[in-house]
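Beneath this line is the structure, given in structure tokens, with notes to follow.
In what follows, chains carry the letters A, B, and so on, assigned in the order in which the sequence lines appear, proteins first and then strands, with residues in each chain numbered from 1.
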Amino acid sequence: MSPSSTMYKGKTGQWAFVLHRITGFLVFMFILLHIVDVSTLNSPHIYNSIHKLYGNIFLRLFEVGLLFALLYHALNGLRVVMIDFFPKAIKNEKGVFLFMLSLAGVMTLVGAVYILKPFFTGKV
Amino acid sequence: MTTTIAKTGSVDAMELLTVHLRIKRYNPEVDTKPHWEEFEVQQKASDTVLNALHNIKWTVDGTLSFRRSCAHGVCGSDAMVINGENKLSCVNLISDVGTDLVIEPIRGLPVIKDLIVDMEPFFAQYRSVIPYLIAEDDPGYKERYQSQEDRARYDDTTKCILCACCTTSCPVYWANGEYVGPAAIVNAHRFIFDSRDQGTERRLDILNQKSGVWRCRTSFNCTEACPRGIKVTQAIEEVKRAILYDRV
Ligand code: SF4
Ligand code: SF4
Ligand code: FES
């Protein structure tokens with residue numbers, strides 16, 4: 001049976017906005033997590049065992065995702081600032097979006113090499 | 001069939017096609033929630049979506065309810081969600097939108113029946129920006145002159161037909177009906193940047209409030225949806241800058 005409502009077919013602008021919200025939420029959740037793990041600092045034992053966890057492959061992949069979220073959120077934020085302040089940016093809003101998305105992608109790939117390398121070389 | 005009628009794309013404009021429509025319906029007297037109904041009608045490729053809706057209403061099911069008046073893209077009464085996008089049913093041809101159609105009422109406004117929504121919140125938001133010329137001084141027995149450049153400042157936003165395609169495509173408006181919405185800002189823009197108008201400050205104050213321009217997150221849905229091709233997001237950005245720099 002048909003869904004009760006269909007998805008609104010927005011163009012790049014809508015998806016830029018949705019992705020901005022999602023990545024913003026992820027970054028926020030990470031900061032909470034980060035506050036919790038840093039707060040264990042006065043019991044070094046717990047702190048160290050938590051940080052050992054970060055060495056495993058799943059959390060490393062998670063960090064790669066987090067890096068992308070951070071980069072995208074920052075770069076798309078710049079795009080919105082450009083749209084707000086420079087009338088020229090609004091005419092090329094789609095181009096700027098694709099540029100920022102690719103830039104975030106490329107920078108994530110570079111970062112991924114550094115994040116994942118220690119796992120494969122075993123030098124944590 | 002010999003015909004000299006221009007073809008739209010590669011389809012023969014006069015050929016009869018079977019058009020399949022899935023329409024979201026709601027009758028407040030019997031339904032507790034909306035449901036989908038399917039219809040099949042024969043239309044020419046050059047017919048509009050509105051033609052197909054009329055065909056259903058006049059030959060298949062007279063209870064199907066929708067608004068329309070001019071049928072030529074002028075009055076702005078027949079905005080609806082057609083295949084996931086806000087459009088006027090009267091200016092979209094079957095040859096452009098295809099023969100498989102999913103049609104829903106526009107979002108963010110309460111549904112009254114079938115494709116008819118209550119436009120009052122939308123018009124209240126329109127009225128809230130004082131959408132008329134305020135010029136209290138007496139020009140005497142002369143016209144209020146305006147240069148061509150000054151007239152060009154707001155030319156784009158004079159084209160609005162208040163169809164609500166923009167406002168009801170806005171993700172921010174769906175989530176928060178308090179937001180005045182792009183259509184109200186477009187109509188404020190039309191007077192804010194009119195050199196003869198003296199109500200700029202009042203309008204900028206209104207749009208500087210919590211429900212004003214700062215709700216806009218530049219998702220461009222409104223610009224994509226406007227059947228008049230108004231650069232809606234750009235107009236909103238111009239108003240934001242007018243507030244920020246305190247100059248128009
Ligand atoms: S650009 Fe602003 S007003 Fe237009 S749809 Fe997006 S958020 Fe809404
Ligand atoms: S700005 Fe465009 S989409 Fe919005 S109400 Fe006016 S004509 Fe309709
Ligand atoms: S019926 Fe008037 S705009 Fe479509």
- Item | side chain to side chain contact (heavy atoms under 4.5 Å, CB included) between A:Arg21 and B:Arg217, worked out | CA-CA 10 Å; A:Arg21 280 279 152 107; B:Arg217 294 294 191 276; 3.6 Å; yes
- Message: Is there a side chain to side chain contact (heavy atoms under 4.5 Å, CB included) between B:Phe220 and A:Phe17? Walk through the geometry before answering.
- Response: CA-CA 9 Å; B:Phe220 291 92; A:Phe17 162 76; over 6 Å; no
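In this structure, A:Phe99 places its CZ atom where only 12 or fewer heavy-atom neighbours from other residues, nucleotides or ligands lie under 6.0 Å away. Residue B:Glu37 qualifies as enclosed at atom CD: its count of foreign heavy atoms under 6.0 Å is above 12. Counted within 6.0 Å of CD on B:Gln146, heavy atoms from surrounding residues, nucleotides or ligands total more than 12; the atom is thus considered enclosed. A 6.0 Å sphere centred on OH of A:Tyr54 holds more than 12 heavy atoms belonging to other residues, nucleotides or ligands. Heavy atoms from other residues, nucleotides or ligands lying under 6.0 Å from CZ of A:Phe58 number 12 at most. Within a 6.0 Å sphere centred on CD of B:Glu120, other residues, nucleotides and ligands contribute more than 12 heavy atoms.
When the options A:Lys11, A:Lys9, A:Gln14 are evaluated for a side-chain hydrogen bond (donor to acceptor under 3.5 Å, both in side chains) with B:Asn221, the one that passes is A:Gln14.
Counting heavy-atom pairs closer than 4.5 Å to chain A, the top-ranked of the candidates B:Leu244, B:Asn83, B:Val102 is B:Asn83. Per-residue heavy-atom pair counts under 4.5 Å with chain B were compared for A:Trp15, A:Tyr8, A:Phe97, and the maximum is reached by A:Tyr8.
Both the backbone and the side chain of B:Thr233 come within contact range of chain A, judged by heavy atoms closer than 4.5 Å. Heavy-atom distances place the side chain of B:Glu224, and not its backbone, under 4.5 Å from chain A. When heavy atoms are compared at a cutoff of 4.5 Å, B:Gln234 approaches chain A by way of both its backbone and its side chain. Using a 4.5 Å cut-off between heavy atoms, A:Phe85 touches chain B through backbone and side chain atoms alike.
The minimum heavy-atom distance between B:Glu237 and A:Asp84, with the atom names listed, is OE1-OD1, 2.6 Å.
Between B:Glu238 and A:Pro87, the closest side-chain pair of non-hydrogen atoms is not below 4.5 Å.
Atoms CD1 and NZ, from A:Ile90 and B:Lys231 in turn, are 10.0 Å apart once rounded to the nearest 0.5 Å. Here OG of B:Ser219 is found 9.0 Å from CD of A:Glu93. Values are rounded to the nearest 0.5 Å.
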